[in-house]
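Atoms within a ligand are numbered from 1 in the order they appear, just like the ligands themselves. Residue numbers start at 1 and run along the sequence shown.
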Amino acid sequence: MSETLRSTNAGREWWRSAVIYQIYPRSFADGNGDGMGDIPGIISRLDSLQELGIDAIWCSPFFTSPQNDAGYDVADYRDIDPLFGNLNDFDNLVAEAKKRDIRIIVDLVPNHSSSEHAWFQAALNAGPGSPERERYMFRDGKGENGELPPNNWGSVFGGPAWTRVDDGQWYLHLFDSTQPDFNWENKEVREEFKSILRFWLDRGAAGFRIDVAHALIKEAGLPDLAEQLTTMSGEDAERPKDRVSPHPFWGQEGVHEIIREWREVLDEYEDRAMCAEAWIMPLSRMAKWTRPDEYHQAFNFGYLETPWDKERLQAVIDDSLKEFGAVGAPSTWVLSNHDVIRHATRMAYDKIPKQGDGIGPDYEQPNIDRGLRRARAATAFMLGLPGGAYIYQGEELGLPEHTTLEGEYRQDPTFFRTQGKRVGRDGCRVPIPWEKEAPAFGFNETGQSWLPQPDIYASYSRDQQVGIEGSTLELYKKMLKLRKKYELGHGDFSWHKDSIGDHSLGYVNSGVLVLANFTGSNIPIPQGEILLSSQNDLSSGVLEHDQVVWVKL
Ligand code: GLC
């Protein structure tokens, strides 16, 4: 480990304050020009991430996969899909990142495998009652001839959560039919995943982002969902309510035992961490997953879902610091990822589509200037907070969602399982722009792109922003630099009472005042050294609407 890393984080558990940058490998940088991003592409762009000032990279899945859910359908957990490179490339990535003081976090997908996984294929061949079937969730159906699914659960992506196989049994898949759920009551499954953890830890992974971390255990007997929670497909049907308790598959108590087993594995190694993707509310429940012997962190989706609204932001920050603090965990902060509408677009709307629905050409199109202004303010408000923070590739460019992507290009299983009624998540997954004049805006050298890039991405290209005072990229760099300088990730937080007004909210962390003006009239900027502003122009000495300033008091 380099000296810099050691000195910044020594004895302080790096993950407590780290800024972690999410790479969606398909769309970050494409080394071989086939239109699909890859690991050599990532390596070739590491310098730009070092310049940005991040501490770690979380890579969305790059494992062997038929790519029915963009790699979240894993066929071999111990290998890299040729689309993205090979294990040697992964080792190089870890080594090259380390030279730049950047850690690599791997995305582990334990709730389900791909239907092409050797175990699932064996389960299909072995037939009902076999130990092979025991590793997954096979059941007989209901009805006279078992022709009805075992219960009324629906897939998160739309349609039923059960698919019938040739011999008449059904298997459970909370997501796509090509993503069969593992049976986590099964010993072999548990042992296998501990071994997979070790495989990547031994290769130098700094830890894991754990996919659908809250769904592994299902309620015994697989009871029907109560009427109001029904998730079956259909235009008016509700989708999974992951916020309610008790629920037969989200947040069952039994999952905690599994996490503790994983934690023991991680604790055998130095300095490793796991972050849970658990869409569980309220935060008091989510925080339970980050008790000292469980996950190190959980994504704060309560924060992500909070609109740019003074009262609600104040409440969610209070809640986060209290609930995570109560179990001794840092809160995390996040505004965008590969499953939600990019926040530069989300914030343009007063009312946004439900998570996972996406925005298509028929939807009211956003005012992107309004969205970007608010997104910059919201990010500046977020990055002053103590704890860990997550950034999704492209947000440092102020990149908006691709909101006019035609159906013919869509790839998200949600689109297909709902017959296009929910367009899905492709709009936030489009390859990011590097150089305005280059093919595919520098994503590669051939101009190919697995999802077409909208023309407006040209003006967001990195080369249009580097060194340009006031660009979103330079704003992010400045924020991360100051965050480090003043150790805000480890800092002491308190509300700045004097700054709390009808449409303003301020807090102080380590002597830095972070002050936001939400809507309405200008407010004066308190005395002190102005460190940064989410909008460049502060010549008037006042803070305008949708603007955030950092002031050293
Ligand atoms: C998680 C991932 C999402 C994926 C799903 C199924 O929510 O973030 O992209 O589709 O799990 O693995």
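- Checking side-chain atoms of R422 against main-chain N and O of G358 turns up no donor-acceptor pair under 3.5 Å.
- The salt bridge (charged side-chain N to carboxylate O under 4.0 Å, His left out) analysis of residues 156-166, with sequence neighbours excluded, yields no pairs.
- Using a 30° and 60° split on the angle between ring planes, Y171 and F138 fall in the tilted class, from 30° to 60°.
- Within 4.0 Å of ligand 1, the residues that place a heavy atom are D69, Y72, H112, F157, F175, Q179, R209, D211, V212, E277, H338, D339, R425, R429, listed by chain and number.
- Legend: salt bridge (charged side-chain N to carboxylate O under 4.0 Å, His left out) pairs involving residues 74-85, not counting sequence neighbours, sorted by first then second residue: R78-E192.
- Among residues at least two apart or in separate chains, salt bridge (charged side-chain N to carboxylate O under 4.0 Å, His left out) pairs with a member in residues 393-405 are E396-R462.
- Remark: W450 CH2 to R26 CZ distance equals 4.5 Å, nearest 0.5 Å.
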